[in-house]
Colleague: 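One structure is given below, represented as structure tokens, and several questions about it will come after.
Chain A is the first sequence line, chain B the second, and so forth, proteins listed ahead of strands; every chain is numbered from 1. Computation of the quantities below employed the complete heavy-atom set of this structure, encompassing side-chain atoms and omitting hydrogens, waters and symmetry-equivalent molecules.
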There are 2 protein chains.
Amino acid sequence: MTTAPTPTRNRGNRRAEILRAAAELFAARGFHGVPIEDIGAAVGVSGPALYRHFAGKEALLAEMLLDVSSRLRESAAAVVTSSTGPAETLDALLHVQITFAIEQPALITVHDRELGNVPERERRQIRRLQRLYVEEWVTVLAELHPACPAARLRAATHAVFGLLNSTPHSAGELPGEAMRPLLHAMAGAALEAAVNAR
Amino acid sequence: MTTAPTPTRNRGNRRAEILRAAAELFAARGFHGVPIEDIGAAVGVSGPALYRHFAGKEALLAEMLLDVSSRLRESAAAVVTSSTGPAETLDALLHVQITFAIEQPALITVHDRELGNVPERERRQIRRLQRLYVEEWVTVLAELHPACPAARLRAATHAVFGLLNSTPHSAGELPGEAMRPLLHAMAGAALEAAVNAR
DNA sequence: CGATTACGTTAATGGTGACTAACATCGCGG
DNA sequence: CCGCGATGTTAGTCACCATTAACGTAATCG
């Protein structure tokens, strides 16, 4: 206990710690499979201490997913506004999503599994952010391939997300440094094919 | 008389019905999110009637996942043994997985989310089948591209599964008839790109 | 110094849900 | 006709778990 001279230095820290630990647990065992006591235990406090930081289990999940989806959406928006051309923008979007998938596999997993357990109100916000994120991709793709119908571009985008988010499954197969360019190449090729087929 | 008309026919029927309904529910709300009563209700019986057909909730899940993974593995094995060449085999494997993903999205979803809730014993069997299934893919890919390291092929295979299994997410976007060739083209291109490493 | 705030702790409490018991029904083979 | 196996039903039972109560402790601030 040598590292705690000032007990109050953990102001916003504990919250973040809890969110991180909960993400791992939810990803591994599912929202309903994780008792609140386990979340506490994972950060060194036990059980109902969580209620000092969150209104409840669902509120915790909601904040987690809202955070993820707004971070993704913001990154995408930033990339789009600061770009020089559609091809570069697409590359940058791929980079964003790949980085996220490789660095935060638990968050990605929870993000597309547990939306149904978020209370109605914030679920709508999250969905809105997700939709906006997808639309950033579709817009860029449409610029590159105006002839391709939007529905097809949307489906292709979802498929590419599936490809990139597979990272949690192939965790041990390849080192992260090899994974990144592999995913980039595969996703790029898949999009190219989606847009050209027939 | 081996074929009893009325009495024994419902036996296998009801079981299958339950498995089908449970798959939908598990896919939508997660294993722990579905009370056993809801499963019963979905097939018109109520609650504990399930125990006439399965040893328990986990046993039901186990049977479901075992069935999926052995069906996939068997289809793959059949395709491999009856094929004329590696390129055609790969096409046939793609066909198998795409058909499954499009026709049984709920099963696919549950299959890669809920393995953790299967009791140890049958979890091992399921994992074995999954591994064998992946190895069919890797073997064929290795024949086509002997220079590519197996680990890379495995990672690429998982990524392609992620792409193909994204179907549940992009459900409404495109009609199934358009979805099939799109997925095939994207997956093929992604594999091609994966294998042409730098 | 109080007092308030921030954070934890350990006991209830209440609801939910898996599983079991006790009790029908019904189609059949003897 | 009788027993019986297959299949359901409805009422427990018993754990588990989210949430709340009631109760410390320590630091900040007036």
Side-chain angles (χ1 to χ4, degrees), chain A residues 1-23 25-26 28-64 110 114 116-120 122, chain B residues 1-23 25-26 28-64 110 114 116-120 122:
Chain A
M1 313 285 240
T2 56
T3 53
T6 36
T8 355
R9 94 261 108 163
N10 277 345
R11 262 301 167 74
N13 228 352
R14 196 36 79 82
R15 273 179 75 85
E17 233 183 320
I18 291 174
L19 284 167
R20 213 172 39 72
L25 291 169
F26 289 165
R29 289 149 50 192
F31 180 72
H32 291 295
V34 179
I36 229 158
E37 194 199 325
D38 289 13
I39 304 177
V43 302
V45 304
S46 249
L50 289 198
Y51 291 85
R52 300 291 171 197
H53 302 276
F54 301 91
K57 206 185 173 191
E58 288 191 339
L60 189 160
L61 179 67
E63 183 166 329
M64 187 163 112
V110 176
E114 307 289 5
N117 292 310
V118 173
E120 185 56 22
E122 33 274 269
Chain B
M1 301 331 178
T2 50
T3 48
T6 338
T8 339
R9 186 177 25 189
N10 277 353
R11 179 73 193 271
N13 249 353
R14 196 36 77 84
R15 273 178 73 87
E17 233 181 322
I18 291 172
L19 284 167
R20 214 171 38 71
L25 291 169
F26 290 165
R29 287 148 52 192
F31 180 73
H32 291 294
V34 179
I36 227 159
E37 194 200 324
D38 288 13
I39 303 177
V43 301
V45 304
S46 248
L50 287 198
Y51 291 86
R52 300 292 172 197
H53 302 275
F54 301 91
K57 205 185 173 192
E58 287 190 339
L60 189 159
L61 178 67
E63 183 166 329
M64 187 163 115
V110 176
E114 307 290 5
N117 292 310
V118 173
E120 184 56 22
E122 31 276 90

Colleague: For the pair made of CD1 in A:I18 and P in C:dA6, what is the distance, rounded to whole Å?
Modeller: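 Going from A:I18 (CD1) to C:dA6 (P), I get 16 Å.
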
Colleague: Take the protein atom CZ of B:R15 and the nucleotide atom P of D:dG8, then report the distance between them rounded to whole Å.
Modeller: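 Result: 12 Å.
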
Colleague: How many angstroms lie between CG in B:L61 and CD in B:E63, if you round to the nearest 0.5 Å?
Modeller: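 The CD atom of B:E63 is 10.5 Å from CG of B:L61, to the nearest 0.5 Å.
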
Colleague: Under the salt bridge (Lys or Arg N to Asp or Glu O under 4.0 Å) criterion, do A:E17 and A:R14 qualify, and how do the steps go?
Modeller: CA-CA 5 Å; A:E17 233 183 320; A:R14 196 36 79 82; 3.3 Å; yes

Colleague: Expressed as a whole number of angstroms, how long is the span from A:E17:CD to C:dG8:C1'?
Modeller: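 Computing the A:E17:CD to C:dG8:C1' distance gives 14 Å.
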
Colleague: Please give, in whole Å, the distance from D:dT19 P to A:L61 CG?
Modeller: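 After rounding, the reported distance stands at 12 Å.
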
Colleague: Report the distance from atom CZ of A:F54 to atom C1' of D:dT19, rounded to the nearest whole Å.
Modeller: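 It works out to 16 Å between those atoms.
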
Colleague: Can you measure A:L50 atom CG to C:dG8 atom C1' for me and round it to whole angstrom units?
Modeller: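 It is 11 Å, rounded to the nearest whole Å.
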
Colleague: How long is the line joining CZ of B:R29 and C1' of C:dT16, in whole Å?
Modeller: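 After rounding, the gap between these two atoms is 13 Å.
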
Colleague: N/O contacts under 3.5 Å, protein versus nucleotides 18-21 of chain C?
Modeller:
residue, atom, partner, partner atom, Å
C:dA18, OP1, B:V34, O, 3.4
C:dA18, OP1, B:K57, NZ, 2.9
C:dA18, OP2, B:I36, N, 2.6
C:dC19, OP2, B:Y51, OH, 2.8
C:dC19, OP2, B:K57, N, 3.1
C:dC19, O5', B:Y51, OH, 3.2

Colleague: Roughly how far apart are A:H53 NE2 and A:L19 CG, rounded to 0.5 Å?
Modeller: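 It comes to 10.5 Å.
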
Colleague: Could you measure the distance from the CE atom of A:M64 to the CZ atom of A:F54? Nearest 0.5 Å is fine.
Modeller: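 Here the interatomic distance stands at 10.0 Å.
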
Colleague: In whole angstroms, how far is the C1' atom of D:dT19 from the CG atom of A:D38?
Modeller: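 It works out to 16 Å between those atoms.
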
Colleague: Report all side-chain donor-acceptor pairs from residues 30-47 of chain A shorter than 3.5 Å, counting only partners two or more places apart or in another chain.
Modeller:
residue, atom, partner, partner atom, Å
A:H32, NE2, A:N117, OD1, 3.1
A:D38, OD2, A:R29, NH2, 2.7

Colleague: Considering all heavy atoms of both residues, which atom of A:A62 and which atom of A:V118 are nearest to each other, and what is their separation?
Modeller: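 Minimum heavy-atom contact is CB-CG1, 3.9 Å.
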
